[in-house]
Amino acid sequence: MHRNDELQGRLKWVEEISRLMDNKFRLPGTNFRFGLDPILNFVPGLGAVSGFAISGGLLLTMAKYGASGRVLVLMIINIVLDALIGSIPVLGWIFDFAYKANTRNIKLLKEHYSEGKHQGSGKGLIFYIIMILIVLSVLIIYLVWQLIEWVARMF
């Protein structure tokens with residue numbers, strides 16, 4: 001078995017989770033697709049944290065299988081944008097239906113492995129990625145908590 005075929009087989013589940021989060025459902029009568037990510041964001045806190053955790057897990061998996069440092073940085077940017085803008089009420093909901101960070105990250109992964117773009121290995125960055133994800137998780141949880149308190153004070 002060719003290394004690329006073997007790798008694609010092992011990472012197939014990453015594509016499936018990405019599809020579930022970003023493109024699983026289709027709006028009847030249109031070509032517009034969406035996944036669980038924007039739906040989960042209608043629940044304050046749950047959407048931002050769960051979407052970020054899933055995207056972070058996918059990122060760590062991609063790092064484990066040797067995605068380059070450049071690819072990982074681009075993926076982190078996608079995840080952070082999705083989490084931060086996606087946690088803003090109304091604007092974030094609209095953004096989540098359009099941005100699809102996981103799909104963008106799968107595209108980067110395919111460019112890396114299939115087309116030879118963004119070469120190098122990111123295995124040495126796993127520790128730093130974990131630290132960034134932890135810090136960002138805490139920040140997102142804090143911001144969501146502050147938003148909930150602010151909304152509660154209004155009523």
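Both backbone and side-chain heavy atoms feed into the values below; hydrogens, waters and symmetry mates do not.
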Which residues pass the side-chain hydrogen bond (donor to acceptor under 3.5 Å, both in side chains) test with N105, sequence neighbours left out? N78

Establish, from distance only, whether the side-chain atoms of E149 and W145 form a donor-acceptor pair under 3.5 Å. yes

Determine whether the side chains of T103 and N23 contain a donor N or O and an acceptor N or O closer than 3.5 Å. yes

Begin with the C-alpha distance, continue with both residues' side-chain angles, and end with the deciding distance and a verdict on side-chain contact (heavy atoms from CB on, under 4.5 Å) for Y99 and R104. CA-CA 8 Å; Y99 191 68; R104 290 171 185 263; 3.4 Å; yes

Heavy atoms only: give me the nearest [X]-[Y] pair and the separation to one decimal.
X	Y	result
I79	G56	CD1-N, 4.3 Å
F34	I39	CE1-CD1, 3.6 Å
I85	F95	CG2-CG, 3.5 Å

Cluster link L60 to V138, ILVMFWY, side chain under 4.5 Å: no

Hey, quick one: are V80 and V135 part of the same hydrophobic cluster, counting side-chain heavy atoms closer than 4.5 Å, chains of contacts allowed? no

For the pair E15 and R19, evaluate salt bridge (charged side-chain N to carboxylate O under 4.0 Å, His left out) and give the outcome as yes or no after the intermediate values. CA-CA 6 Å; E15 284 186 77; R19 183 175 177 275; over 6 Å; no

With a 4.5 Å heavy-atom cut-off, do F97 and D22 have their side chains touching? no

Under a 4.5 Å cut-off applied to non-hydrogen side-chain atoms, are N102 and I17 in contact? no

In Å, rounded to the nearest 0.5 Å, how long is the span from [atom1] of [X] to [atom2] of [Y]?
X	Y	atom1	atom2	value
L147	Y142	CG	OH	12.0 Å
K24	R33	NZ	CZ	9.0 Å
S18	L109	OG	CG	10.0 Å

F32 six-ring centre to K100 NZ/CZ under 6.0 Å and within 45° of normal: yes

Apply side-chain contact (heavy atoms from CB on, under 4.5 Å) to residues D82 and D37 and explain how you reach the verdict. CA-CA 10 Å; D82 185 50; D37 189 30; 3.1 Å; yes

